[in-house]
Structures are given as structure tokens and as C-alpha cells.
Asker: 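One structure follows; several queries about it will come next.
Worth saying up front: this structure is predicted, and the values here are computed from it rather than measured. Scope of the values below: all heavy atoms of this structure, side chains included, with no hydrogens, waters or symmetry mates.
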Amino acid sequence: LDSAEYFIRISDGVGKEFSNEYLSYRSLSDFGKLHFKKEQYDSARFYLKKCIQLSDGKYHSDILVPAMILLVKCHIAEGNWSAAEQQALTAFSLGRQVKSTSISMESTALLAEIYKARKLPLKAIEYLQLSLAFKDSVLTALRQGSIEARTFDLTLKKEKREKEMAVLNLEAQHKVVFWQRFMLALGTIVLISLLIMIILIRKAALERRKVNALLMQKNLELNNLNREVSALIDAIVHDLKSPLNSLQGIMYLLEMEVDEKFTKAREFIAKGHEVIRNGHGIIAELLELRDLEENPLVVKYEQVRLDSYVQSLVNGFSSYASQKKISFEMNVTNEVAILEPLLLKRILDNLISNAIKYSPAERTVFITAGRGAEGVRVEVRDEGPGFHEKDIPKVFGKFQKLSARPTGGESSHGLGLAIVQLIVNYLGGTIELQTKWGEGATFILNVPEQKS
């Protein structure tokens with residue numbers, strides 16, 4: 001009954017939503033039937049009377065008369081025989097009007113029950129006889145309908161079997177024709193595909209031979225060009241050292257000859273010294289890069305205590321850092337690791353030097369070191385401008401000019417981080433940059449330890 005009530009409410013809601021009066025009236029009738037089943041006769045009468053009132057003149061067979069008959073049963077259950085008689089007579093009259101034998105049968109049966117209860121035997125017998133007559137009529141109609149239905153059903157089954165057989169035969173023929181056509185089409189497609197594949201394979205082989213020959217030629221040309229460029233760079237680098245050394249000697253002689261009162265001349269001489277030092281720096285980095293690219297590195301692993309090792313590196317930059325009033329903040333463990341100290345020094349010297357070079361005055365360089373998941377982990381963080389997003393893909397490239405500039409007039413040749421990347425790769429480590437423009441940069445180095 002609870003489930004019935006749930007679905008009746010859904011039906012009533014649908015009727016109201018779509019303004020469907022049939023669903024609304026039917027829902028009222030079903031609510032009356034539900035409360036009758038629950039023996040809640042007051043509620044049942046409320047819904048049934050409302051249903052009869054709204055559907056008056058409409059839906060006699062489906063809603064109106066069945067609701068009246070159910071209302072009669074409510075009156076009988078409550079012992080209200082007078083109301084029951086009046087309602088049953090109305091239902092019987094409507095049943096005759098709509099020529100519904102089943103409604104007439106049920107209403108006369110209820111009238112017989114009412115008159116029996118009211119001790120009116122003659123009337124009870126009269127309506128009972130009417131009810132039996134209607135019942136016989138219904139049964140006769142049902143029997144006749146059943147015979148006709150069975151005959152019609154047998155005829156339909158026979159026709160259905162004949163049609164099914166015809167369809168099966170037709171489908172079988174269609175399948176044979178379909179498979180014949182399919183196999184023919186498939187054979188044609190396979191043959192054409194094989195021919196196309198043979199043509200494409202032959203064409204690809206010829207193209208591949210041409211491309212391989214062209215690649216070999218270009219490779220030879222590129223190797224020759226690389227050798228020429230390498231020889232030219234070596235010649236230029238070595239030839240530059242001699243004039244730079246001579247020029248540096250001349251600058252020293254000039255410095256000795258120029259009186260101290262000629263401050264402007266001494267400033268130019270000092271600037272000349274700086275330019276020469278930058279030239280020597282470029283030559284040194286070029287030679288170091290060439291050496292790393294062409295010659296195998298000599299690796300010698302040693303036991304290194306991290307805190308003292310990093311402290312010694314930082315001490316080497318104390319004079320440079322003090323010129324810009326830059327301090328160091330270190331968080332380094334005292335663990336002992338088996339590392340290549342010279343190559344690691346070349347990496348960290350470059351990272352620390354860059355941190356000082358690109359930091360404004362009176363800032364701090366942060367160094368963290370210790371064992372990590374991938375060996376020894378070292379972080380070098382500065383408070384400089386950091387790297388612009390467009391610069392990040394070029395950070396470890398050669399001769400790259402980036403957005404950030406040294407803050408103390410220092411020079412930058414664009415080779416330092418390229419050298420760092422080469423050494424890191426040789427050691428089997430990784431180096432990562434974390435940065436945001438205007439908020440400094442952090443280089444994270446992971447170097448695997450040599451197993452003891």
C-alpha cells in the first residue's frame with residue numbers, strides 16, 4: 001500500500017504538471033481506493049466524493065461509476081445503508097446509460113446486499129436476480145469472445161508461421177548473395193591493397209636510399225665543417241691569449257708611468273685591466289668547454305664531509321661577496337659522502353658565483369646540502385631578479401643572453417651554466433631550476449654517490 005501511494009502521488013503530480021484532468025481524476029479515485037483498503041473510510045469518502053464531483057458527466061466507465069460503487073462500499077462498511085442505497089441506485093442508473101453490463105452487475109449485487117441488510121427480502125431477491133442475469137450475460141459474452149479470440153489467435157499463428165518461413169528463406173538467400181558479394185569485394189580490396197603496398201614499399205625504399213645518401217653527404221659536410229670550426233676556435237682562442245697578455249703588460253707599464261694625480265688616466269687603465277680580465281675569462285671558459293666536449297674527464301672519488309667542503313667553497317667567495325655586502329646562510333649536514341670533489345667544485349663555484357653576481361647589494365645567498373633520495377642534494381638560492389619565463393628553456397645553452405643582468409657591473413659570457421650542465425650529465429646527476437621573475441632563483445643539484 002505504501003508503494004501504491006508513492007506511485008499514485010507521482011501520477012497526480014504528472015496530471016497537475018501537464019493539466020491532464022483524466023490523470024488527476026483517476027488519481028483521486030485511486031486515493032479513495034487506497035484509503036478504503038486501509039479502512040480509513042472518512043478519507044476514502046473525501047477523495048471519492050471529490051472525484052465524483054469533478055468528473056461528473058465525464059469518464060463514466062473508467063472513473064465516475066467505479067468511484068460511485070467504491071463509495072457505496074464505504075457506506076456499507078460504515079453501516080450507512082440509506083446513503084449506500086441512494087449511491088448504488090445512481091451507479092446502477094449510470095451503468096444502464098453507458099450500457100456497461102459489468103457495472104450494472106456490480107451495482108445490483110450491492111443493492112441486493114443493502115436490501116438484505118435492511119431486511120427487505122423481496123427487493124433483495126429482485127436485485128439479486130438482476131445481478132445474476134447480468135452475470136450470465138457477461139459470462140456468455142466472455143465465452144463467445146474467448147472462442148472468437150482463440151480462433152483468431154490460431155489464424156494469426158498460422159499466418160505468422162508462414163510469414164516466418166518466407167522471411168527465413170528470403171534471409172537465407174540474402175545471406176548467400178551477401179557473402180558472395182562480400183568475398184568478391186574483400187578479394188578485390190586485398191588484391192588492390194597488396195598492389196598499393198608493393199608500390200609504396202618500393203617507393204619508400206627508393207626514397208630511403210636517396211635520403212640515406214643525402215644524410216651521409218650532409219653528415220660528411222657537417223663533420224668537415226665542425227672540424228674547421230673547432231680548428232678556427234682553437235686558433236682564435238690561442239692567438240688571442242698572446243695579444244691580451246702583451247696588452248696587459250703594456251697596461252701595467254702605463255700604470256707605473258702615469259702619476260697618481262692623473263686620476264682619469266688611472267681610471268681608464270683600471271678599465272683596461274678589467275676588459276683584459278674579461279677577455280681572459282672568456283678564453284678560459286671557451287677552453288674549458290672545448291675540453292669538456294672533446295676529452296674524457298678524469299674522475300677521482302673521495303670521501304667528503306659536506307659541511308666543511310661547502311664552507312671551504314664559500315670562503316673562496318668571501319672577498320667577492322663582501323664587495324656587495326652579500327651574506328651567506330648555510331644549512332649543511334655533517335654527513336660524509338663519496339663524491340668527485342673537483343668536478344663538484346666546478347659546478348658549485350659557478351652556481352655560487354652566479355648567485356652573488358646577480359644579487360643586489362645587502363642580500364643573502366642560501367645554501368642547503370645533505371643526502372637526498374638521489375644521492376647528495378645541494379640547493380643554491382639567491383634573492384636576485386630570477387629568470388623570466390621566456391629565458392628558462394635557454395638557461396643551460398651556450399652563449400645565451402638572458403633578461404637578468406649582473407648587479408655590480410660584472411661580465412657574463414653565457415658559458416657557465418652550459419659547462420655546469422655538461423659536468424652534471426657526466427656525473428650522472430640532475431640539475432633543476434626553480435624561479436619566478438622578480439623573486440630570485442633556486443638551482444637544485446642532485447649528484448649520485450659512488451658506492452664504497
Side-chain angles (χ1 to χ4, degrees), residues 281 284-285 288-289 292 297-387 395-396 404 406-408 410 412 415-435 439-452:
E285 286 189 349
E288 183 178 8
L289 187 62
L292 288 170
L297 292 172
V298 178
V299 180
K300 184 179 179 182
Y301 286 93
E302 299 177 9
Q303 286 189 344
V304 174
R305 179 168 163 164
L306 295 180
D307 55 350
S308 56
Y309 177 77
V310 174
Q311 184 64 57
S312 66
L313 295 179
V314 170
N315 291 341
F317 289 96
S318 58
S319 175
Y320 179 23
S322 64
Q323 293 175 17
K324 300 175 73 173
K325 297 181 181 180
I326 289 175
S327 60
F328 291 94
E329 184 175 315
M330 295 189 293
N331 181 15
V332 184
T333 65
N334 60 1
E335 297 170 287
V336 175
I338 301 176
L339 301 168
E340 212 301 339
L342 296 179
L343 294 179
L344 184 59
K345 181 179 185 299
R346 290 165 77 176
I347 296 171
L348 294 179
D349 278 354
N350 198 298
L351 296 180
I352 296 170
S353 173
N354 280 350
I356 299 171
K357 184 186 297 184
Y358 290 96
S359 292
E362 299 182 3
R363 297 296 175 88
T364 303
V365 173
F366 302 87
I367 302 175
T368 303
R371 274 198 173 88
E374 301 175 18
V376 173
R377 178 185 176 93
V378 183
E379 295 184 13
V380 178
R381 177 167 67 90
D382 62 52
E383 295 180 319
F387 291 86
V395 166
F396 297 102
T407 57
E410 301 96 328
S412 176
L415 289 173
L417 290 176
I419 293 171
V420 165
Q421 183 70 76
L422 282 172
I423 299 174
V424 169
N425 291 342
Y426 191 83
L427 293 175
T430 60
I431 186 165
E432 175 189 354
L433 170 63
Q434 293 180 353
T435 184
E439 298 182 9
T442 302
F443 284 92
I444 301 171
L445 173 68
N446 286 287
V447 181
E449 285 190 73
Q450 179 73 10
K451 293 183 179 179
S452 56

Asker: Where is the tightest heavy-atom contact between E383 and F366, given as atom of each residue plus distance?
Answerer: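 Closest pair (atom of E383, atom of F366, distance): OE2-CE1, 3.7 Å.
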Asker: So which atom in T435 and which in G440 form the shortest heavy-atom distance, rounded to 0.1 Å?
Answerer: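 For T435 and G440, the tightest heavy-atom pair comes out as OG1-O, 2.9 Å.
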Asker: Minimum heavy-atom separation for D349 to L313, with atom names?
Answerer: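 For D349 versus L313, the nearest heavy atoms are OD1-CD2, 3.7 Å.
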Asker: To the closest 0.5 Å, what do you measure between CG (N446) and CZ (R377)?
Answerer: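 N446 atom CG to R377 atom CZ measures 5.5 Å (nearest 0.5 Å).
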Asker: Measuring from T364:OG1 to K325:NZ, what's the distance to the nearest 0.5 Å?
Answerer: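 Going from the OG1 atom of T364 to the NZ atom of K325 covers 14.0 Å.
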Asker: Please tell me if the side chains of V420 and L445 come closer than 4.5 Å, counting only heavy atoms from C-beta onward.
Answerer: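 Side-chain contact under 4.5 Å: no.
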Asker: Go through the steps for V378 and V310 under the test side chain to side chain contact (heavy atoms under 4.5 Å, CB included), then give the verdict.
Answerer: CA-CA 10 Å; V378 183; V310 174; 5.7 Å; no
Asker: Is there side-chain contact between I356 and F328, with at least one heavy-atom pair below 4.5 Å?
Answerer: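 Yes, close enough: below the 4.5 Å cut-off.
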Asker: How far apart are the closest heavy atoms of F396 and Q421, and which atoms are they?
Answerer: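 Closest approach of F396 to Q421, heavy atoms only: CG-OE1, 3.4 Å.
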Asker: Supply the atom-to-atom distance D307 CG to N334 CG, rounded to the nearest 0.5 angstrom.
Answerer: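 One finds 5.5 Å between CG of D307 and CG of N334.
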Asker: Output yes when a side-chain donor or acceptor of E340 lies under 3.5 Å from a complementary backbone atom of K300, and no otherwise.
Answerer: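 Pair found, side chain donor or acceptor close to backbone of K300.
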Asker: Please evaluate residues Y309 and L344 with respect to the criterion side chain to side chain contact (heavy atoms under 4.5 Å, CB included), reporting the C-alpha separation (whole Å), side-chain torsions for both, the decisive distance (0.1 Å), and the verdict.
Answerer: CA-CA 10 Å; Y309 177 77; L344 184 59; 3.6 Å; yes
Asker: Kindly compute the distance separating CZ (R381) from OG1 (T442), expressed to the nearest 0.5 Å.
Answerer: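 The distance works out to 5.5 Å.
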Asker: Does any N or O in the side chain of D382 come within less than 3.5 Å of the main-chain N or O of A441, such that one atom is a donor and the other an acceptor?
Answerer: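 Yes: the side chain of D382 pairs with the backbone of A441.
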Asker: Counting heavy atoms not belonging to Q303, are there more than 12 under 6.0 Å from its CD?
Answerer: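 At most 12 heavy atoms, drawn from other residues, nucleotides or ligands, come within 6.0 Å of this atom.
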Asker: Taking all non-hydrogen atoms of both residues, which atom of K324 and which atom of K357 are closest, and how far apart?
Answerer: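 Scanning both residues, the minimum pair turns out to be NZ-O, 3.0 Å.
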Asker: Show your reasoning for whether side chain to side chain contact (heavy atoms under 4.5 Å, CB included) applies to L417 and F443.
Answerer: CA-CA 11 Å; L417 290 176; F443 284 92; 4.0 Å; yes
Asker: Supply the atom-to-atom distance I352 CD1 to Y320 OH, rounded to the nearest 0.5 angstrom.
Answerer: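 Nearest 0.5 Å value for the CD1-OH distance: 12.5 Å.
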Asker: Is there a donor-acceptor pair closer than 3.5 Å between any side-chain N or O of E449 and the backbone N or O of I338?
Answerer: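 Between the backbone of I338 and the side chain of E449 there is a qualifying donor-acceptor contact (under 3.5 Å).
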Asker: Considering non-hydrogen atoms only, spot the tightest contact between R371 and V336 and give its length.
Answerer: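 Shortest heavy-atom separation between R371 and V336 comes out as NH2-O, 2.7 Å.
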Asker: Report yes if some heavy atom in the side chain of V447 is under 4.5 Å from a heavy atom in the side chain of L343; otherwise report no.
Answerer: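 Not touching, per the 4.5 Å side-chain cut-off.
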Asker: Between I444 and Q434, is there a side-chain heavy-atom distance shorter than 4.5 Å?
Answerer: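 Heavy-atom side-chain distance check passes, below 4.5 Å.
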Asker: Kindly compute the distance separating CD1 (I423) from NZ (K345), expressed to the nearest 0.5 Å.
Answerer: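 Result: 11.0 Å between the selected atoms.
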